[in-house]
Amino acid sequence: MHHPGPPRFVAVEEAVELAPRDPDPAATYEWTIERAPAESTATLGQKSVEWLIPDEPGRYVVALSAPDGVHRLTIRCFPGTDDGETSDSPGHSGHHSGTVIDTAGGTEDGTSGYAGTTTGSHSIGSGGRPRIRLDGVVRDEEVVVTADPRPHPGGTESAASLDVTFVVDDRDDLERTALRVDGRELGIPTAALPERARIHAVAVGEQGHSVADVIDVRRRDSTAGDDSSITVDRPYQPPAWAEDAVYYEVYVRTFAPEASHGETLSAITERLDHLANLGVDVIWLTPVLANDDAPHGYNITDFFDIAADLGDRADLEALVDAAHDRDMQVLFDLVLNHSARAHPHFEDAYQNVDSPYRDWYEWQESGEPGTYFDWELIANFDFASLDVRRHLLDAVDEWAPLVDGFRCDMAWAVPNGFWREVHDRVKARDADFLLLDETIPYIPDFQEGLFDVHFDSTTYATLRNVGTGWEPASAILDAIEQRAAVGFPDHAAFLLYAENHDETRYLIECGRPAALAAAGVLCTVPGAPLVYAGQELGQRGQRDDIVWEHTDEALTDHYRRLLETRRSMPALSATARLERVDYAVEAGEPDRVVAFARVADDGTVPTSDTQPADRSATGSPAEDATAAVVICNFDAESAAVTVEPSVGSVDAVTGESVRRGGRIQVEDVVVLPAERSLGRDTGA
């Protein structure tokens, strides 16, 4: 089906790419604006791929005429916040505080009508974007979708003052008049439920709208006489296996330097036991496709063939099978923004206006191809070309069935609409397929049906600044909290890293003491840690051949123990909360030390006057504690630290007592289990 996908939520003047999905380059596609706010002057051209720039708040409906029929797409536009003024458009927080549902009918100017009860007007807020989470359940012959809007953590707005806008997916045959809206709750009678119904929603406040969330409801068996066949899913939630995984980047041409030409993938397979013993769950392979012989392989010359120097498809399949045998997943590095200039299509198009591939690429006025950062070996694709979209979607179809996910290169450079199509395409085949974006800096809207896990470039940069002494170690906590501050919802997942193939080795830039502490941060703050090939070995060269015979065994053991601690402690899981604690550095360099708590489930960090609930003979809290205090020291000299919560004496990483009187002695990182949840049900 050529339908352009889910409804879009944008601000005024924010461009929306419109493109048919699964396109036939030989077919004809036409776009029209069917509904728009009365004062809008927005227009569309005559191309198959167009850009709509909403110029007024409200509801837009665009129609795509395609070979398989006419498809409609709702675009919900909210006011910008530059002038700080309010608007009378439904859904904007200056109008009412309540719930909005965009229906198929709407009002004459294309804006939606209200449903539910309004609760008053807003006071002017401050801060930034709100956030939202949707949950759904089947109850009393109704699918109940509940919105949980959350204000910006640094703002003055409250959850109660936020508006919620629900939008029904245009692709689903759901009768809008059957819906019930009561406050932040939307109900769908199961008798009115089609085979599939998707409900999208955003929170709206003074500083704009949130990243959207969605509930996907399906009736798996239309012949069932009850509601037992109805499933309710949260498709913007990352796959469960990916959130708490340990990732490892294999730079394919240096990881197994002993390999002969054509045997590299097989040699990598032979070294998988090292990764399994380290505690790795996911292997990210840098590009394995045919390329222009650059060592990194990101300049693709054939999107459907394995690079000859690495091996062939059978070798890649054998590597994936061997990884699966060791309970490891494999990520394929997907490069969609560009091809190599050595690609046959570019070579035909270069300086040839009559080439059938001329429209495949962006061109500068100089006649040179579009590119980024003056890169000389690549040429940017033009996604206005249906041929380009078809070619790249076919490549996605070629490799997705073979692996467990894509690491998406230069995700920021590819149109969002295309990533949405890739997302829905791979998830339709395998809901647990992973999409990991490389976006620097990260973009909250990429959580909205584009990617599952995001590179945490903010924490990366902070780790570098802390390691070199430019920022105090406490800045790491600010970096983690920045995720919510920029608009990521609480269910967003992040990849934590201190280095990769594009960066100088942390050990070289920041020194060994800082590197040991940075490893501790990667394994103890919220997110999934990434180890770059050789990072755990003490490798000093950024892209040099791994010198396996010079392994720093102590460093490798440090990583292995940290990763095992992270795996074994619920308090260090990716979804456990991070909480600030009071701490004092009694001896050592205060700016080089940071302490924080992690709390899983319903655990809470005890206060200093809390009496121990369950201590062993060694003075450590119970092993099943859901709270832990972590202390990291980036300095070469050890630190003596006191912390406010009541914690044990035995470091979970080393198994050794680190308490010296009332102080905790910290060389690089210690993890101390805290008392179990104060409010936990003990079964009494």
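Start at 1 with the first residue, then count along the sequence. No hydrogens, no waters, no symmetry mates; every other heavy atom, side chains included, goes into these values.
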Please tell me whether Gln665 and Ser638 have a donor and an acceptor in their side chains that are separated by less than 3.5 angstrom. yes
In terms of side-chain heavy atoms, does Glu536 have a donor or acceptor partner in His274 at a distance below 3.5 Å? yes
Can you see which heavy atom on Val666 is nearest to which on Val669, and at what distance? CG1-N, 4.1 Å
Show, in sequence, the C-alpha distance, side-chain angles and deciding distance for Tyr497 and Tyr247, and conclude whether the ring pair (Phe, Tyr, Trp, His ring centres under 6.0 Å) test is met. CA-CA 9 Å; Tyr497 62 103; Tyr247 295 69; over 10 Å; no
Here the pair of heavy atoms bringing Leu477 nearest to Ala595 is CD1-O, 4.0 Å
Cationic tip of Arg464 within the cone over Trp470's six-membered ring, i.e. under 6.0 Å and within 45° of the normal? no
Please walk me through it: do Leu310 and Arg253 pass side chain to side chain contact (heavy atoms under 4.5 Å, CB included)? CA-CA 8 Å; Leu310 300 180; Arg253 289 177 174 81; 3.8 Å; yes
Answer with yes or no whether the side chains of Tyr583 and Thr642 bring together a donor and an acceptor at under 3.5 Å. no
Run the side chain to side chain contact (heavy atoms under 4.5 Å, CB included) test against Asn337 and tell me which residues pass, sequence neighbours left out. Tyr372, Asn380, Met410, Ala413, Val414
Check: Leu331 main-chain N/O paired with Arg407 side-chain donor or acceptor under 3.5 Å: no
Heavy atoms, side chains only, cut-off 4.5 Å: are Ser457 and Pro441 in contact? yes
Mind checking whether Asp148 and Asp135 have side chains closer than 4.5 Å, heavy atoms only? no
Do Arg326 side-chain atoms and Ala322 backbone N/O form a donor-acceptor pair below 3.5 Å? yes
With a 3.5 Å distance limit and no angle check, can you tell me whether Arg598 reaches the backbone of Arg577 through a side-chain donor-acceptor pair? yes
Mark yes or no for whether Ser210, through its side chain, and Ala203, through its backbone, hold a donor-acceptor pair below 3.5 Å. yes
Quick one: are Val330 and Leu285 in side-chain contact, heavy atoms under 4.5 Å? yes
Distance alone, cut at 3.5 Å: any donor-acceptor contact between the side chains of Thr462 and Asn465? no
How about Trp284 and Tyr532: are their ring centroids closer than 6.0 Å? no
Can a salt bridge be assigned to the pair Asp244 and Arg567 using a cut-off of 4.0 Å between side-chain N and carboxylate O? no
Just by distance, do the side chain of Arg659 and the backbone of Ile664 share a donor-acceptor pair under 3.5 Å? no
Counting distance only, does the side-chain N/O of Asp452 pair as donor-acceptor with the main-chain N or O of Leu435 below 3.5 Å? yes
Any side-chain donor near an acceptor of the partner, Tyr298 and Asp333, under 3.5 Å: yes
Side chain His558, main chain Leu516, donor-acceptor under 3.5 Å: yes
Verify the neighbour count for atom CD of Glu637: are there more than 12 heavy atoms of other residues, nucleotides or ligands below 6.0 Å? no
Tyr559 and Gln535: side chain donor to acceptor below 3.5 Å: yes
Got a salt bridge between Asp490 and Arg131, using NZ or NE/NH1/NH2 to carboxylate O under 4.0 Å? yes
Looking only at side chains, do Asp404 and His324 share a donor and an acceptor under 3.5 Å apart? yes
Grab the two heavy atoms, one from Ala528 and one from Ala245, that are nearest each other, plus how far apart they are. CB-O, 3.3 Å
Are the side chain of Arg512 and the backbone of Leu507 linked by a donor-acceptor contact shorter than 3.5 Å? no
Pair Tyr442 and Phe488, ring centroids less than 6.0 Å apart: yes
Side-chain donor-acceptor contact under 3.5 Å, Gln207 with His152: no
Would a distance-only check, ignoring hydrogens and angles, find a side-chain to backbone donor-acceptor pair under 3.5 Å from Gln447 to Tyr236? yes
With a 4.5 Å cut-off on side-chain heavy atoms, are Asn416 and Phe446 touching? yes
Heavy-atom closest pair, residues Leu275 and Met328: CB-SD, 4.1 Å
Answer yes or no on whether Arg483 is positioned over the face of Phe494, meaning its NZ or CZ is under 6.0 Å from the six-membered ring centre and within 45° of the axis. yes
Flag side-chain contact, heavy atom, 4.5 Å: Trp419 against Leu336: yes
So with a 6.0 Å cut-off around CZ of Arg540, is the heavy-atom count from everything else above 12? no
Any side-chain heavy-atom pair of Glu589 and Asp635 under 4.5 Å: yes
Compare all side-chain heavy atoms of Phe255 with those of Arg271 and state whether any distance is below 4.5 angstrom. yes
Backbone N/O of Val252 and side chain of Thr286: donor-acceptor pair under 3.5 Å: yes
Out of Leu572, Leu672, Val670, Val525, which one pairs with Val630 under the side chain to side chain contact (heavy atoms under 4.5 Å, CB included) rule? Leu572
